[in-house]
Amino acid sequence: MSNGTYNPNGLEQQFAGMGINNNDGYSGEGRSRYVPPHLRNSGGGGGGGGGGNNRSYGRSTESWGDAAPRANRSNDSWSTRSDYGNRSGGGGGGGSWDGRPTWKERGSYGGKYRRDGDQSYAPRRDENQGYWKDGVHHVGNRNPRLERELFGAAEDVDRQHTGINFEKYDDIPVEASGNEVPDAITSFTSPPLDAHLLSNIELARYTTPTPVQKYSIPIVAAGRDLMACAQTGSGKTGGFLFPLFSELFSKGPAPQEEENSSVPPGYGRSRKAYPTVLILAPTRELVSQIYAEGKKFGYRSWVKSCVVYGGADIGSQLRQIERGCDLLVATPGRLVDLIERARISMEQVRYLVLDEADRMLDMGFEPQIRRIVEQEGMPGVNDRTTLMFSATFPRDIQHLARDFLQDYIFLSVGRVGSTSENITQKIEYVEDEDKRSVLLDILHSSDITGLTLIFVETKRMADSLSDFLLGHNFPATSIHGDRTQRERERALEYFRSGRTPIMVATAVAARGLDIANVAHVISYDLPTDVDDYVHRIGRTGRAGNTGTATAFFNRGNKGIAGELADLLKEANQEIPQFLESIAREGRSFGGYSGRGGRGGRGRGGRGAGFGGRDYRFQSQEPSSRGFGGGGAAPDAFGAYPPLGGGYQGRPAAAAAAPPIQYQNKTSWF
DNA sequence: AAAAAAC
């Protein structure tokens, strides 16, 4: 297969390329320090440049970054959120955020180094980085090498967005609700998108907006907040990156305090970064992936993107931030850490994105998220645009939406190619002790083109199973939370590139990861939550391709049997007899009542490809979910539903008298 | 019950 942009010796070469950072100990020591993927070849400047070549730029961000006084803010176009009309149509004549000229250093910088022939000791200037001066976006030079690195070649197996079945786009169910929903766009055009962004979208070979993008672009352009129920595979990442970059490109940097712009960059009293855009996501791999997409769309622009997450060297992340940080992608834990170290400020955040919000809450990130959004000086709902994405819309997410969003547009989107059409699901009855040999059979008989992703429930199993496969000469790797970040990233890279076409994974890889060319997803162990199963199989059949999902089922999985059978039925898949009967046993016992308990969609929603419902517009009558029942009352135990409980279909505003929590079947005992 | 995530 084509190795495309993936050099087998990439890592070593990239270490070599970091020569500029020798003083940082990268190569001076006997053992090489880990360089996370986003720092390798960063900037991509000339030849051996590698990292560290943006340094001089960092200065500019430093100064504009200091927060403009609140009072100023209320005069600029940012804060008048109540006046939606003013912000649509790219108003303001494309000036800077507040109409004032932006920091001069940013402009003079170009002149300073452009004619400087000797760059051997001066901070390396990046010809490919654009800049903003006097209300004009000066786009950097093109760089074929960097373009190839960012966008890949058309034939690269691991970059393919081809095979997208565009006709199917039109079949995707989309529901938008809210006050004055802006009209959806139908194609990538300028306006409403910034012309430079459009050229980057073209380079990335995206030709048609997905449904979520069709809505999110005009919604953000109108300055509205968005709550979107959509899974990855719906073009979610582009759904927020496109409109955000478009806004940044046409509006330029946020205003900065005049006095502060004279502080010598890098030597000022603080080395704090003030990102304009903050994107939060639950896993390290996910933020890494979003950042990689961000680099594509930010190509040649003035916007400097950064990514921070745990498990990786914080020093290199700090240096990256110092070089400029307009758009930040982060996991919550590491971001809180950096805020505590006073290296990142939330005070200039104008756009906030919460990706996979339900997952973040599941993982217990709510305290960190609330701290980041509510207690660290981030502009309030009136002074920022907030986009929330979530596969499900349970009650705790509704609360978050109520607190973080203002008069939002609710969007419910299906996937590109519904589960039923693109993924063939097979359920095999396999006892635990037979799983290994059945797996070998499957691997032996399966098509060698395409990747195979195997899900297990425990980290230990991930290790032992990948060892077992390696022992049988299958090129396998594994990814789970006990592996080092370096191992995780390498595993993912090898898997993506096809160098190791089999990967054994825990839940860390179940959601959000967009890996092209996954032909087969095997649930070696079934999860207990059917939502997890849905997310897993969503790793295949992406972008309009077809895929196969196989699950090993035995009596130990009977808890999921009923919902699994329902799911298969909705997806028009074959339901094996054993599953049918085990599901029936479960149902007759205590009366299966569809989904209750923890977060998730009602059964009816998934088949239609909808992720949730805009509870704001549901009346007090029983919802279409089958969550029938009276008004607000304690549940059968006399207890009010827990805040974190999964529940939907009821206005969250009824807080004074919380509604019934419908119990999971198992809770009745 | 296990997984994920900051040091």
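Every chain is numbered from 1, with letters handed out A, B, ... down the list of sequences. Treat the numbers as computed from the prediction; the structure is a model and nothing was measured.
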Fill in the blank from the handout: Rounded to whole Å, the CG-P distance (A/D362 to B/dA3) equals 16 Å
Problem - Separation of atom CD1 in A/I344 from atom P in B/dA6, rounded to whole Å - result: 13 Å
Problem - Phosphate OP1/OP2 of B/dA5: any A/R488 side-chain N/O under 4.0 Å - result: yes
Practice task
Would you mind telling me which of B/dA4, B/dA5, B/dA2 lies closest to the side-chain atoms of A/T458?
Solution key: B/dA2
Handout entry: Sugar-phosphate, base or nothing in reach of A/P282, heavy atoms under 4.0 Å
Key = sugar-phosphate
Problem - Donor-acceptor contact present, side-chain A/Q573 to main-chain A/A571, <3.5 Å - result: yes
Exercise for the section: For A/R371 and B/dA5, give me the distance from atom CZ to atom P, rounded to whole Å. Expected result: 20 Å
Practice task
Rounded to the nearest angstrom, tell me the gap between atom CG in A/D313 and atom P in B/dA6.
Solution key: 14 Å
Exercise for the section: Apply ring pair (Phe, Tyr, Trp, His ring centres under 6.0 Å) to A/F240 and list each qualifying residue two or more places apart in sequence or on a separate chain. Expected result: A/F389
Exercise for the section: For A/E457 and B/dA1, give me the distance from atom CD to atom P, rounded to whole Å. Expected result: 13 Å
Practice task
Report yes if some heavy atom in the side chain of A/L465 is under 4.5 Å from a heavy atom in the side chain of A/S478; otherwise report no.
Solution key: no
Handout entry: A/T484 side chain vs A/E487 backbone, donor-acceptor pair below 3.5 Å
Key = yes
Exercise for the section: Could you tell me whether A/V336 contacts a base, only the sugar-phosphate backbone, or nothing, with contacts defined as non-hydrogen atoms closer than 4.0 Å? Expected result: nothing
Handout entry: With A/E580 via side chain to side chain donor-acceptor pair (under 3.5 Å) - residues at least two apart
Key = none
Practice task
Report the distance from atom CG of A/L361 to atom C1' of B/dA4, rounded to the nearest whole Å.
Solution key: 13 Å
Practice task
Indicate whether OP1 or OP2 belonging to B/dA4 is found under 4.0 Å from a side-chain N or O atom of A/T506.
Solution key: yes
Handout entry: Under 4.0 angstrom between A/R460 side-chain N/O and B/dA2 OP1 or OP2
Key = no
Practice task
Nearest whole angstrom, please: distance from the C1' of B/dA4 to the CG of A/L280.
Solution key: 15 Å
Fill in the blank from the handout: Taken to the nearest whole Å, CD/A/E376 to P/B/dA6 is 16 Å
Fill in the blank from the handout: Taking B/dA1, B/dA4, B/dA6 as options, the one with an atom nearest any side-chain atom of A/T528 is B/dA1
Exercise for the section: Could you work out which one of B/dA5, B/dA6, B/dA4 sits closest to the side chain of A/F365? Expected result: B/dA5
